[in-house]
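Here the structure comes first, spelled out in structure tokens, and everything after it is commentary.
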Amino acid sequence: MKIATFNINGIKARIEALPEWLEQARPDVVCLQEIKSVDENFPREVFEALGYQVETHGQKGFNGVAILSKLPMTDVVRGLPGDDSDEQARWIEATVQGARKVRVCGLYLPNGNPAPGPKYDYKLAWMARMEARARTLMADELPLIFLGDYNVIPEAQDAAKPEAWTTDALFLPQSRAAFRRLEHLGLTDAFRIQHPGPGHYSFWDFQAGAWERNNGIRIDHLMCSPQAADLLMSSGIDKAVRGGVKPSDHVPVWVELDA
DNA sequence: ATGCCGATTAGTAATCGA
């Protein structure tokens, strides 16, 4: 089972690049972030024609997440539990049925800048809620994967220029500590465990020639529960997508599970 | 690198992202 995450930065803007990547990479399941669309306007027929079942959790203008699955997908939950007053569409989960069942949680973690401030408070509160949700789901001891745009640079080696991020919400100690708490629950950063060392990025800013200078950061992650990590076969970052026509500022990251 | 670019909504300027 090939499972991928891709922050597409607008479904309308990526309506050609996304199907092109899907046909080339052929993932079974894809979690999308920043669809920037309400559910009614998501072009689901484009992806149904490619064999995908489509579940969205959108909102007007920004944010918005979705899951595309070639495998049967059931038990969809929209919105991160734990705060009924949270209006932002940043979480969607579902169970997909391959050779084994896998619970897939697609997430778009808040950016949090500027820090300190209310946006950073929201980020940290959101991460605490996510940790609570992870505890709940992990109690079942089933294959479980939390994937998406975490907006967290876990370590200095995950940035080309870590010194430029020291006061940024993506790299502040509290953000990284919250990420580590997820790891301490027993979640494994699937890409990192298979690809040690610097130079692996999933985001390059549109500005200042970041792509041409390879000034990137690794902020899109797939975190596996112990039962999912036991099924981990391979993982990768589809870096070449960033050099394609009308690219997003993020690229797809994926794992293959023996499931 | 201080949103320098890019997407969206609203309607040519503002907001948001990382």
Side-chain angles (χ1 to χ4, degrees), chain A residues 5-21 31-43 46 56-66 86-91 106-127 130 147-176 178-179 200-221 237 239 241-253:
Chain A
T5 175
F6 190 2
N7 181 325
I8 56 175
N9 192 3
I11 186 59
K12 286 181 203 160
R14 233 56 64 200
I15 199 58
E16 294 187 11
L18 176 56
E20 186 177 328
W21 170 73
C31 290
L32 302 175
Q33 301 88 40
E34 287 204 89
I35 63 173
K36 296 186 178 180
S37 164
V38 293
D39 296 334
E40 310 83 81
N41 292 346
F42 190 87
V46 171
T56 61
H57 180 43
Q59 86 180 73
K60 190 175 182 178
F62 57 107
N63 299 331
V65 289
D86 186 2
E87 307 266 314
Q88 300 195 32
R90 297 179 172 277
W91 182 273
L107 64 108
Y108 175 42
L109 208 149
N111 171 308
N113 280 307
K119 291 190 173 181
Y120 194 56
D121 295 340
Y122 175 67
K123 177 178 192 148
L124 294 178
W126 202 97
M127 294 186 82
M130 178 178 166
L147 68 162
D149 177 357
Y150 277 70
N151 271 317
V152 174
I153 302 166
E155 299 179 89
Q157 65 175 344
D158 296 310
K161 297 183 178 180
E163 66 280 5
W165 297 93
T166 50
T167 62
D168 193 284
L170 278 63
F171 194 54
L172 281 174
Q174 287 182 87
S175 307
R176 297 165 63 196
F179 185 85
H200 302 293
Y201 312 127
S202 65
F203 170 91
W204 294 261
D205 202 301
F206 287 125
Q207 302 177 93
W211 169 245
E212 289 75 11
R213 298 163 192 259
N214 196 27
N215 180 15
I217 52 177
R218 194 177 70 93
I219 56 175
D220 299 273
H221 310 299
I237 297 177
K239 181 177 180 178
V241 171
R242 186 64 176 80
V245 178
K246 209 171 187 315
S248 170
D249 40 7
H250 296 250
V251 297
V253 187

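Note on naming: letters A, B, ... go to the chains in the order of the sequence lines (proteins, then strands), and numbering restarts at 1 for each one.
Counting non-hydrogen atoms under 4.0 angstrom, A/Asp149 reaches the backbone sugars and phosphates but no base. If you check every strand for non-hydrogen atoms under 4.0 Å, A/Lys161 touches nothing. Across all strands shown, A/Asn7 has heavy atoms under 4.0 Å from sugar-phosphate atoms exclusively, and none from any base. Among the protein residues, A/Tyr150 comes within range of no part of the nucleic acid, since none of its heavy atoms lies under 4.0 Å from any strand.
At least one side-chain nitrogen or oxygen of A/Arg14 sits closer than 4.0 Å to the OP1 or OP2 atom of B/dA7. Remark: A/Lys60 is not in phosphate contact with B/dA7, judged by side-chain N or O atoms under 4.0 Å from OP1 or OP2. Distances shown here put a side-chain N or O of A/Lys119 below 4.0 Å from the OP1 or OP2 atom of B/dG17.
As rounded to the nearest Å, B/dG6 and B/dG11 have P atoms that lie 24 Å from one another. Rounded to a whole angstrom, the distance from the C1' atom of B/dA1 to that of B/dG17 is 15 Å. Between the C1' atoms of B/dG3 and B/dA14, the separation comes to 14 Å (whole Å). Atom name P, nucleotides B/dC4 and B/dT15: the rounded distance is 14 Å, in whole Å. A distance of about 13 Å separates the P atoms of B/dC16 and B/dA10, rounded to the whole Å.
Using a 3.5 Å distance cut-off with no hydrogens or angles, the side chains of A/Trp204 and A/Asn214 do pair a donor with an acceptor. Side-chain contact, A/Asn113 with A/Lys123: no donor N or O sits under 3.5 Å from an acceptor N or O. For the residue pair A/Tyr201 and A/Asn215, no side-chain donor N or O sits within less than 3.5 Å of a side-chain acceptor on the partner. Side chains of A/Asn7 and A/Asp220: no donor on one and acceptor on the other come within 3.5 Å.
Residues A/Lys36 and A/Ile8 fail the side-chain proximity criterion, which asks for heavy atoms closer than 4.5 Å.
Interface remark: the A/Asp205 side chain does form a donor-acceptor pair with the B/dG3 base, using a distance-only criterion of under 3.5 Å.
Across the protein-nucleic acid pair, A/Asn63 atom CG and B/dC16 atom C1' stand 9 Å apart, rounded to whole Å. Summarising the geometry, the separation between CH2 on A/Trp204 and P on B/dG6 is reported as 16 Å, rounded to the nearest angstrom. Atom C1' of nucleotide B/dA1 and atom CG of A/Asn215 are separated by 9 Å, given to the nearest angstrom. In this structure, the CD atom of A/Glu212 is 13 Å from the C1' atom of B/dC4, given to the nearest Å. Between the P atom of B/dA1 and the CD atom of A/Gln207 lies a distance of 13 Å, rounded to the nearest Å. Spacing between atom CD of A/Gln88 and atom C1' of B/dG17 amounts to 12 Å, rounded to whole angstrom units. To the nearest angstrom, P of B/dG17 lies 6 Å from CZ of A/Phe62. Atom P of nucleotide B/dT8 and atom CZ of A/Phe206 are separated by 10 Å, given to the nearest angstrom.
Of the candidates B/dC4, B/dT8, B/dA7, B/dA7 carries the atom nearest the A/Asn9 side chain, counting heavy atoms from C-beta on. Looking at the side chain of A/Lys36, the nearest of the listed nucleotides B/dA7, B/dT9, B/dG17 is B/dA7. The side chain of A/Ala13 lies closest to B/dA7 when the candidates are B/dA1, B/dG17, B/dA7.
Sequence order on DNA chain B of the closest nucleotides to A/Gly61 and A/Trp165 puts A/Gly61 first from the 5' end. DNA chain B is contacted by both A/Lys12 and A/Ala208; A/Ala208 maps to the nucleotide lying nearer its 5′ end (nearest heavy atom per residue).
Geometrically, A/Arg218 does not engage A/Phe203 in a cation-pi contact defined by less than 6.0 Å to the ring centre and at most 45° from the axis.
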